[in-house]
Amino acid sequence: MVRLEVEVGGLRLRNPVMLASGVVGVTGKLMMRAAEAGAGAVVTKSVGPERRAGYGNPTMVEVLPESYINCMGLPNPGIDEFTEEIRVAKRGGVPVIVSVFGGSPEEFAVVAEKAEDAGADAVELNVSCPHTEVGVLEREPRVVRQVVEAVKKRVGVPVFVKLSSNVTSIVEAGRAAEEAGADAVTAINTVRAMVIDVETCRPILSNRFGGLSGAAIKPIAVRCVYELYEALKIPVIGVGGIFSWADAVEHILAGASAIQVATALTKGFSVFKELVDGIRAYLERKGFKDIREVVGAAHV
Ligand code: SIN
């Protein structure tokens, strides 16, 4: 029997396949469904200090097969209202990781503390949304450090930091997070992108710019995971373009201790079981006993 349990930054997961922050994480009931469908952990939609409407439509467009650009604009009800969704999500029986954002290190800390009080098993700091003011935080490693330090002072649960490729060096941002005490990094957030309608001669998305997710970004995500694994001591969680067990294994070989899926949920909740079964079958076929044997195995 192959062992699929992993430990990521102090969090134990029954398997390495997590729900990524995104539309499914808006309600506790949907996160429970992800857990029931086999997810090893769930990450909520990013939540901030106050209610926020997000951008007007259109906010999402398919640009390539299995690849979308979104500019939701971090819509959320604010942490005080969202605590009820965290409580409901906990009934799924798997770790609930609350994705947190704020306008300053102090705001991140306040939201993270409220999330922990509501039962969050970990927090994932979103410093990398590519089309809102939040994304600029990641461009300055000094600011990443300040955000992580502020949150670490206020919470006892593991702190993950979500990074993107929209910076000169994701490794520098990762190092700043690690030095400030982060327990893991998640890579990558969506890739800053845009799409223009040739008939109207205008950008399609209301915000003009958005974040590209799905199949198109997998090679970028794998490269980032590989670089972070080489540079950091803390675990890396891989996300970006994972639809099949082979995509997941590629991230793991690059160095991901666990992986997250979001865009693949367009195919339904069955993706969790398919990925877990596929990873297990691959490990068995290759003669491995424990998934940890292949984490980072692509490094020579
Ligand atoms: C959004 O709500 O705009 C997406 C969040 C993100 O990409 O970080």
Side-chain angles (χ1 to χ4, degrees), residues 18-27 30-31 42-63 67-79 81-82 85 97-103 107-108 111-112 115 123-139 143-144 147-148 151 159-167 170 173-174 177 182 185-195 203-214 216-218 220-221 224 237-242 260-266:
M18 305 164 66
L19 170 71
S21 182
V23 284
V24 172
V26 296
T27 74
L30 281 171
M31 288 185 272
V42 294
V43 186
T44 70
K45 174 85 184 138
S46 295
V47 57
E50 309 283 351
R51 170 181 291 278
R52 176 170 165 135
Y55 302 128
N57 284 324
T59 51
M60 177 110 161
V61 58
E62 186 168 11
V63 286
S67 306
Y68 301 82
I69 303 181
N70 90 79
C71 65
M72 305 307 290
L74 295 169
N76 79 99
I79 186 63
E81 202 173 314
F82 194 71
E85 304 303 335
I97 299 151
V98 177
S99 173
V100 164
F101 74 90
E107 275 187 7
F108 271 88
V111 178
V123 291
E124 184 180 83
L125 309 181
N126 183 355
V127 293
S128 53
C129 174
H131 47 78
T132 65
E133 70 283 5
V134 167
V136 302
L137 301 172
E138 178 196 38
R139 287 191 214 146
V143 179
V144 173
V147 169
V148 176
V151 173
V159 174
F160 304 163
V161 181
K162 189 161 185 182
L163 303 173
S164 83
S165 62
N166 307 313
V167 288
I170 193 170
V185 289
T186 304
I188 55 174
N189 208 324
T190 55
V191 177
R192 188 168 163 85
M194 80 183 298
V195 57
I204 291 180
L205 294 171
S206 64
N207 181 57
R208 297 178 298 149
F209 304 107
L212 178 63
S213 70
I217 72 165
K218 192 187 71 174
I220 302 171
C224 290
I237 301 165
V239 54
I242 298 175
Q260 298 182 351
V261 287
T263 309
L265 267 292
T266 50

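Read the numbers this way: they start at 1 and go in the same order the structure lists the ligands and their atoms.
At least one N or O atom of Asn189, backbone or side chain, sits closer than 3.5 Å to an N or O atom of ligand 1. Here's the thing with Pro130: none of its N/O atoms is less than 3.5 angstrom from an N/O atom of ligand 1.
With hydrogens and angles left out, the side-chain atoms of Glu138 and Ser164 include a donor and acceptor closer than 3.5 Å.
In this structure, Pro75 counts as a contact residue of ligand 1, since one of its heavy atoms falls inside 4.0 Å of the ligand. Judged by the shortest distance from any of its heavy atoms, Gly211 lies outside the 4.0 Å radius around the atoms of ligand 1. At least one heavy atom of His131 sits less than 4.0 Å from an atom of ligand 1.
The structure places OG of Ser46 at 7.5 Å from CD of Glu124, a figure rounded to the nearest 0.5 Å.
From the protein, the heavy atom lying nearest to atom 4 (C) of ligand 1 is Lys45 NZ, 3.7 Å. With hydrogens left out, the protein atom closest to atom 8 (O) of ligand 1 is Asn126 ND2, 2.8 Å, a heavy atom. Atom 5 (C) of ligand 1 has Leu74 CD2, 3.6 Å as its closest protein atom, hydrogens excluded (heavy atom only).
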**Request:** List the steps and the verdict of side-chain contact (heavy atoms from CB on, under 4.5 Å) for Met18 and Ile97.
**Result:** CA-CA 10 Å; Met18 305 164 66; Ile97 299 151; 3.3 Å; yes
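The two residues Asn166 and Pro130 have their closest heavy-atom pair at ND2-CB, 3.3 Å. The two residues Ser67 and Leu212 come nearest to each other via the heavy atoms CB-CD1, 4.3 Å.
Residue-ligand proximity, Gly73 to ligand 1, at heavy-atom distances under 4.0 Å covers atoms 1 (C), 2 (O), 3 (O).
Considering Val47, Val147, Asn76 in turn, Asn76 is the only one that fulfils the side-chain contact (heavy atoms from CB on, under 4.5 Å) rule with Phe101.
Annotation for Glu62: atom CD counts as buried by contact number, over 12 foreign heavy atoms lying within 6.0 Å.
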